[in-house]
S.K.: 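I have a structure I would like to understand better, so I am pasting it below and will then ask my questions one at a time.
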Amino acid sequence: MQRNRGILFSHVCCSTLLCFWIAVCRSVVLVEGSPQGIPLSVVKLWASAFGGEIKSLSAKYSGSQLLQKGARSERLRAEMPTVTMDETSKVKRSRREGGVKWHPDEHGVIGFDCRNRKWYIQAATSPKDVVILVDVSGSMKGLRLTIARQTVSSVLDTLGDDDFFNIIAYNQEIHYVEPCLNGTLVRADRANKDHFRQHLDKLFAKGIGLLGDALTEAFTILSNFNQTGHGSTCSQAIMLVTDGATKMYDSVFEKFNWPDRKVRIFPYLIGRESAFADNLKWMACANKGYFSQISTLADVQENVMRYLHVMSRPKVIDHEHDTVWTEAYVDSALSQAYRLKDKRAPSMMTTVAMPVFSTKNETRNQGILLGVAGTDIPLQELMKIIPKHMLGIHGYAFAVTNNGYILTHPDLRPMYQQGKKRRKPNYSSVDLSEVEWEDKDDILRNAMVNRRTGTFSMEVKRTVDKGKRVLKMHNDYYYTDIKGTPFSVGVALSRGHGKYFFRGNVSVEAGLHDLEQPDVALADEWTYCNTDEHLEHRPLTQIQAIRLFLTGRQHHLKCDRELIQEVLFDAVITAPLEAYWTGLALNKSENSDKGVEIAYLGTRTGLSRTNLFVVPELLSNQDFLTAEDKEGVFNADHFPLWYKRAAEQVPGTFVYSVPFSSASENKSVVLASTAIQLLDDRKSPIVAAVGIQMKLEYFQRKFWTACRQCTALDGRCSISCESGDINCYLIDNNGFILVTEEISQTGLFFGEVEGAVMNKLLQMGSFKRITLYDYQAHCRDYAGSSDCARTLLNPFSVVKWILTEVIIFLLEFNFYSWWNVGLSVKAQRPQGKIKMVPCDTEYPAFVSERTIKETTGNIDCEGCFRSFVIQQIPSSNLFMVVVENKCDCSSAPPVTIDPIEIMYILDSIKTLKFQKDRKKPESCHPFHPEENAMECGSATGLSSTLTAALFPLLTSLISR
């Protein structure tokens, strides 16, 4: 018994000792891996030393304190701006240009045909619903099918955003070219037309053609779709592309189209043979259409265009000069016609046009359209009307069409970069909901589409700096319609900016004196004076025009007197900076190593001042503050990026960043800017922003010097950034690296370098992840890989998709090349060709939590604990991050900012099938009782026998 007790006591002792030993070991591990391994006091010392040094440097060379004192010493009054919707809804008169003769190319071909332009088509015809029938029977093989495809493609070219369509291929069966869109019509925007064109190449000819079934299907679609109230609810047409018809199918027409004949029939006979031409022409004449025969590919364009003149007859007979406006577009022929001032990139524009027709009484019932007259209006000219100085730092104006497509918006990106700038395929049909995507219920969009006047408010996430940074704000929207156009205009004002501005009075002499200094420039795209209206004013700069206006030498010169008064005041109040900067530049003891290169200033009136501390050839970033740097200068639709970011900082602090650019040399500079406010209050109006550009190497040297400071009396620091035990980083409030020992990591996102630390910072709340969406993105894709027939809409689609994939696999390995697939489209796999296609993406942005000034923590890297410290740099948007380097955390996944494509599985054709609200054009001319329907085609005449047999019937129909 005692022995057992001894054993038990021994076990208890051993267990106690074991538990004690485990506890001791655990406590040692915790101490070793705790934040105490990196003394917080040392990191604070480094951060404080660097913060004080860099703020003193930035304030000194930017002149922020001098400007702050000068602004507060002036007697200013606060006023609320009044932006009236009448001002924003005015359409500026466009400059008239002379006519242009279009010259053929080296092959003698004139590639430009104005009849293919949307402005011509919209002005010549009313909105229309169209069903295109394509014969794919066995007789259409070879060249005929090629001509048929081109004919359909040319018809699609003539359809605009107010039109709706579908394409049906027929033989012994009915095959919708897009199988997912049976029995409906879709809007004829660029994206939808391109989608259908991809399927045209997959058509093949086989079997016999049952035209009667195809016509029945087409009439049924048009009737049902019209009853829903969707579509154009105006003109209707069936385009028939075939190599012949054995019958006239009068029973079908009698059932669906007679006697009203609301649906016009346009037959296109493919091939040289005319055996069935009489039947096809009879169809056209009996249904107010037009017959054409197309023998070669060269005949396609001219013959397709003839139907436009037939569709225009009712409008011409009514003598309606309907004025139409197109959506925004980039004219590829612009370089031949004329060049705008901005030669750096193509310019977005809209066209206003109206039809021109014969007014002779003897030809009235023929409705002869002579052509279309119009003028192009660059959208940058329209934007000049907007009083940008009254919208505040983040305010902007935008406009949409009756279809909800963006006419102009600062977030519209019509171009993408791939070697050189290229137009996006769907740039002209970007919906307002795709840029103002926080409006989930389309409240703002639908109100503007329906041409209402009102206001709307919502929280928004506005991206800047090439989409890599985000600003959270609350926007108030004001919107109304633009009279005489299908457009609506809106203004967005960010709360906290633009509500108040300050105004002061100065003499004209003092203002002009300071405005005409060499370091002063005005916003290039703002309108202080209208120099376009009169020929003699066009060579003038804005500053020259202001002088002429104020001195009364040009009575015809129209200027914004209020804006000029404010810009003169800004010139006077900022004038001391010129002398101040000049003194710094002349002082040899200052800036001896030329670390600071530029000082700059901008005011809310678009006035800017710059001072170079080095010769232009030695600037590290040659593009900054030039027209090449779109985000860095005042534009028609935004303030400079450095101005906007400074406005969101705490008053009296600087915001630092490394510019994002495709040019690697631009990473060799650091920009610092701060806002000038009259009061140390975030609600105080911002009157200006100042900043400097310094060399990155100079900035980094200041950082490493501060990190050598130490509190130890013997001079031996417990840690050092120069040792291999720790890694030291300097990051900004969005997580991008400014300073690191690895120069190649400059400008990278911190999470890509230290994924484990960034994840921990997100968990602790030091940084927040904000999810953003880009509905104008472009993704890499294999050409032709998109096929709606493969979407998982129902079990039959799943089976069809699996079978198609199996067939593709067999075809690729050439095992079953003899297989004849009985589908309306061939299964095809791209041959490895990559192309950029429109897509929707989701991507993250990161923002630091302002209330957290410092954080310590540790990371478990597979049993090894790694500590870190993050400390805010005083008076800045920067953070110092010190991380222990003793553990291998490479297995931790990085935190990236890469976009992820949004894959729509069950809704992959949402853009085709789902139609958002739209405002139908007010003008509609589908038919006219006086129209002469006997003008229905002249390529081939009706045979005398057939004419005699059918003339009574045709006469009775036409007389109805």
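What you see is a predicted model, and the numbers here were worked out from it, not measured in a lab.
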S.K.: Atom OG in Ser154, atom CD1 in Ile147: separation rounded to 0.5 Å?
M.R.: 11.5 Å

S.K.: With no hydrogens and no angle check, just 3.5 Å: does a side-chain donor-acceptor pair link Asn257 and Asn287?
M.R.: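 Yes, Asn287 and Asn257 have a side-chain donor paired with an acceptor closer than 3.5 Å.
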
S.K.: Testing Phe253, Tyr249, Trp282, Tyr290 for side chain to side chain contact (heavy atoms under 4.5 Å, CB included) with Ile265, which one passes?
M.R.: Phe253

S.K.: Look only at the side chain of Thr485 and the backbone of Ile482, and say whether a donor-acceptor pair between them is shorter than 3.5 Å.
M.R.: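 Judged by distance alone, yes, a pair lies under 3.5 Å.
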
S.K.: For the OH atom of Tyr479 and the CE atom of Met448, what is their distance to the nearest 0.5 Å?
M.R.: 8.5 Å

S.K.: Check the pair His319, Phe357 against ring pair (Phe, Tyr, Trp, His ring centres under 6.0 Å), reporting the backbone distance first and the verdict last.
M.R.: CA-CA 8 Å; His319 284 190; Phe357 41 74; 5.2 Å; yes

S.K.: If the threshold is 4.0 Å, N to carboxylate O, is there a salt bridge linking Arg115 and Glu302?
M.R.: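 Answer for the salt bridge query: yes.
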
S.K.: Apply side-chain contact (heavy atoms from CB on, under 4.5 Å) to Thr216 and list each qualifying residue two or more places apart in sequence or on a separate chain.
M.R.: Thr220, Val252, Phe256

S.K.: side-chain contact (heavy atoms from CB on, under 4.5 Å) with Arg451: which residues, sequence neighbours excluded?
M.R.: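 By the side-chain contact (heavy atoms from CB on, under 4.5 Å) rule, Arg451 matches Asp481, Ser488, Lys919.
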
S.K.: Can you name the residues that form a side-chain contact (heavy atoms from CB on, under 4.5 Å) with Ala328, not counting sequence neighbours?
M.R.: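 For Ala328, the residues satisfying side-chain contact (heavy atoms from CB on, under 4.5 Å) (neighbours in sequence not counted) are Met348, Leu379, Leu407.
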
S.K.: Angle class for the Phe225/His230 ring planes (parallel below 30°, perpendicular above 60°, tilted otherwise)?
M.R.: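 Ring orientation of Phe225 relative to His230: tilted.
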
S.K.: Any donor-acceptor pair under 3.5 Å linking the side chain of Gln293 with the backbone of Gly271?
M.R.: yes

S.K.: I want to know whether Tyr268 and Phe291 have ring centres closer than 6.0 Å.
M.R.: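 No - the distance between ring centres of Tyr268 and Phe291 does not fall below the 6.0 Å cut-off.
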
S.K.: Please determine if Lys193 and Asp157 form a salt bridge, counting it only when a charged side-chain N lies under 4.0 Å from a carboxylate O.
M.R.: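 No, this pair does not count.
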
S.K.: I'd like to know whether CD of Gln172 has more than 12 heavy-atom contacts from other residues, nucleotides or ligands below 6.0 angstrom.
M.R.: yes

S.K.: Is Asn192 reaching over with its side chain to a backbone N or O of Arg187, donor-acceptor style, under 3.5 angstrom?
M.R.: yes

S.K.: Can you tell me how the ring of Phe487 sits relative to the ring of Trp325, calling it parallel under 30°, perpendicular over 60° and tilted otherwise?
M.R.: perpendicular

S.K.: Say whether Asn450 and Asp917, considering side chains only, have a donor N or O and an acceptor N or O under 3.5 Å apart.
M.R.: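 Looking only at side-chain atoms, Asp917 and Asn450 do not form any donor-acceptor pair under 3.5 Å.
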
S.K.: Assess whether a salt bridge exists between Glu320 and Lys315, defined as any Lys/Arg side-chain N lying under 4.0 Å from an Asp/Glu carboxylate O.
M.R.: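 No salt bridge links Glu320 with Lys315.
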
S.K.: Using a strict 4.0 Å threshold on nitrogen-to-oxygen distance, state whether Arg445 and Asp431 make a salt bridge.
M.R.: yes

S.K.: Please check: side-chain N/O of Asn279 versus main-chain N/O of Ala245, any donor-acceptor pairing under 3.5 Å?
M.R.: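 The answer is yes, because a donor-acceptor pair under 3.5 Å joins these two groups.
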
S.K.: Closer than 4.0 angstrom, basic N to acidic O: yes or no for Glu931 and Arg264?
M.R.: yes

